[in-house]
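Have a look at the structure below before the remarks.
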Amino acid sequence: MSSAEMGLNLLTRTKPFEMRKVDLCSSAEGTEVILATSSDEKHPPENIIDGNPETFWTTTGMFPQEFIICFHKHVKIEKLVIQSYLVRTLRIEKTASKEPFDFEQWVEKDLIHTEGQLQNEEIVARDGYATFLRFIIVSAFDHFASVHSISAEGLAVSTLS
């Protein structure tokens with residue numbers, strides 16, 4: 001077998017980076033909350049992406065409050081679903097950098113107050129390429145607010161190299 005044939009044989013056996021739709025914000029996918037401006041040991045920021053509907057992250061008063069999600073890969077987000085409570089204005093910023101810098105504003109929404117119920121906000125994403133997302137709770141309907149889950153439907157585009 002020539003070296004060209006061996007190279008071609010190797011190429012045909014190597015799988016390309018798999019592109020499949022998944023919940024990109026799931027901790028099971030390797031996603032992490034790398035920063036949060038407040039933390040309560042009973043309700044830490046990791047609860048946002050743990051997939052457990054019984055857990056949540058809570059702010060500790062004063063606004064704005066924020067958290068940053070790291071995907072550890074380049075992703076294309078098609079839809080975001082945010083479950084929260086008492087959030088009035090939410091801004092989402094994104095960056096495709098290898099480090100959490102150079103964020104650009106992506107979405108800003110005024111959420112509807114839902115007395116006694118979680119707010120379920122679905123955002124169809126445009127130009128959703130990112131490696132990090134920063135969620136900023138600009139204001140709330142009370143002194144405290146909570147984020148119960150963030151899910152992002154989309155594709156892992158490539159690894160960080």
Side-chain angles (χ1 to χ4, degrees), residues 20-158 160:
R20 59 187 170 86
K21 284 190 180 183
V22 295
D23 179 1
L24 298 167
C25 284
S26 169
S27 57
E29 286 294 315
T31 300
E32 291 182 281
V33 178
I34 60 164
L35 177 138
T37 54
S38 63
S39 186
D40 175 321
E41 64 184 43
K42 294 179 184 171
H43 305 290
E46 296 77 26
N47 288 352
I48 296 167
I49 59 171
D50 68 2
N52 182 345
E54 302 298 317
T55 64
F56 58 91
W57 170 70
T58 186
T59 65
T60 53
M62 303 279 294
F63 293 95
Q65 295 279 334
E66 68 180 66
F67 59 92
I68 296 177
I69 291 177
C70 174
F71 296 106
H72 295 292
K73 56 191 158 221
H74 295 287
V75 300
K76 180 183 181 208
I77 300 166
E78 296 170 356
K79 180 173 72 173
L80 280 173
V81 178
I82 299 129
Q83 287 192 317
S84 58
Y85 189 63
L86 296 175
V87 174
R88 182 186 301 256
T89 303
L90 178 67
R91 180 181 310 134
I92 305 169
E93 299 175 345
K94 67 183 179 99
T95 184
S97 300
K98 290 182 182 180
E99 299 294 329
F101 301 113
D102 301 323
F103 283 92
E104 62 183 61
Q105 186 170 323
W106 188 32
V107 175
E108 185 160 335
K109 298 275 295 193
D110 288 322
L111 279 58
I112 297 170
H113 185 245
T114 53
E115 187 65 42
Q117 295 181 341
L118 290 180
Q119 298 161 299
N120 286 297
E121 192 66 35
E122 187 173 304
I123 299 167
V124 177
R126 301 182 75 185
D127 188 30
Y129 292 95
T131 49
F132 297 88
L133 291 180
R134 177 165 48 199
F135 292 80
I136 303 166
I137 300 173
V138 178
S139 61
F141 290 104
D142 203 340
H143 298 291
F144 299 91
S146 59
V147 178
H148 293 252
S149 71
I150 304 278
S151 64
E153 182 180 299
L155 303 167
V157 177
S158 66
L160 290 176

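Computed from a prediction, not measured in an experiment: that's the story for all the values here. Just so you know, these numbers use all the heavy atoms, side chains as well, and skip hydrogens, waters and symmetry mates.
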Let me confirm one number: the [atom1]-[atom2] distance from [X] to [Y], rounded to the nearest 0.5 Å.
{"X": "Cys70", "Y": "Lys98", "atom1": "SG", "atom2": "NZ", "value": "13.0 Å"}
{"X": "Phe132", "Y": "Ile68", "atom1": "CZ", "atom2": "CD1", "value": "8.0 Å"}
{"X": "Glu121", "Y": "Thr114", "atom1": "CD", "atom2": "OG1", "value": "10.0 Å"}
{"X": "Leu118", "Y": "Ile82", "atom1": "CG", "atom2": "CD1", "value": "12.5 Å"}
{"X": "Ser146", "Y": "Tyr85", "atom1": "OG", "atom2": "OH", "value": "8.0 Å"}
{"X": "Lys76", "Y": "Tyr129", "atom1": "NZ", "atom2": "OH", "value": "4.0 Å"}

Compare all side-chain heavy atoms of [X] with those of [Y] and state whether any distance is below 4.5 angstrom.
{"X": "Leu133", "Y": "Phe71", "result": "yes"}
{"X": "Trp106", "Y": "Leu80", "result": "yes"}
{"X": "Val138", "Y": "Leu90", "result": "no"}
{"X": "Ile49", "Y": "Glu29", "result": "no"}
{"X": "Thr89", "Y": "Glu108", "result": "yes"}
{"X": "Phe67", "Y": "Val147", "result": "yes"}
{"X": "Leu35", "Y": "Pro100", "result": "no"}

Closest non-hydrogen atom pair, [X] against [Y]:
{"X": "Ala156", "Y": "Leu24", "answer": "N-CD2, 4.0 Å"}
{"X": "Gly30", "Y": "His72", "answer": "O-CD2, 3.1 Å"}
{"X": "Ser39", "Y": "Pro44", "answer": "OG-CA, 4.3 Å"}
{"X": "Ala152", "Y": "Ile77", "answer": "CB-CG2, 4.0 Å"}
{"X": "Phe56", "Y": "Glu54", "answer": "CD2-O, 4.3 Å"}
{"X": "Phe103", "Y": "Thr95", "answer": "CE2-CG2, 3.7 Å"}

Would you say the side-chain atoms of Ser26 pair up with the backbone N or O of Asp23, donor to acceptor, closer than 3.5 Å? no
Once side chain to side chain contact (heavy atoms under 4.5 Å, CB included) is applied, do any residues pair with [X], and if so which ones, sequence neighbours excluded?
{"X": "Ser149", "value": "Gln83"}
{"X": "Phe141", "value": "Leu86, Arg88, His113, Gln119"}
{"X": "Glu122", "value": "Lys79, Val81"}

Just checking, is any N or O donor in the side chain of Thr59 or Ser38 under 3.5 Å from an acceptor N or O on the other one? no
All pairs passing salt bridge (Lys or Arg N to Asp or Glu O under 4.0 Å) where residues 31-49 contributes a residue, at least two apart: none
Is there any salt bridge (Lys or Arg N to Asp or Glu O under 4.0 Å) pair reaching into residues 129-144, and which pairs are they, with sequence neighbours excluded? Glu66-Arg134, Glu93-Arg134
Partner set under side-chain hydrogen bond (donor to acceptor under 3.5 Å, both in side chains) for Glu104, not counting sequence neighbours: none
May I have the step-by-step check of side chain to side chain contact (heavy atoms under 4.5 Å, CB included) for Ile137 and Phe63, ending in yes or no? CA-CA 7 Å; Ile137 300 173; Phe63 293 95; 3.7 Å; yes
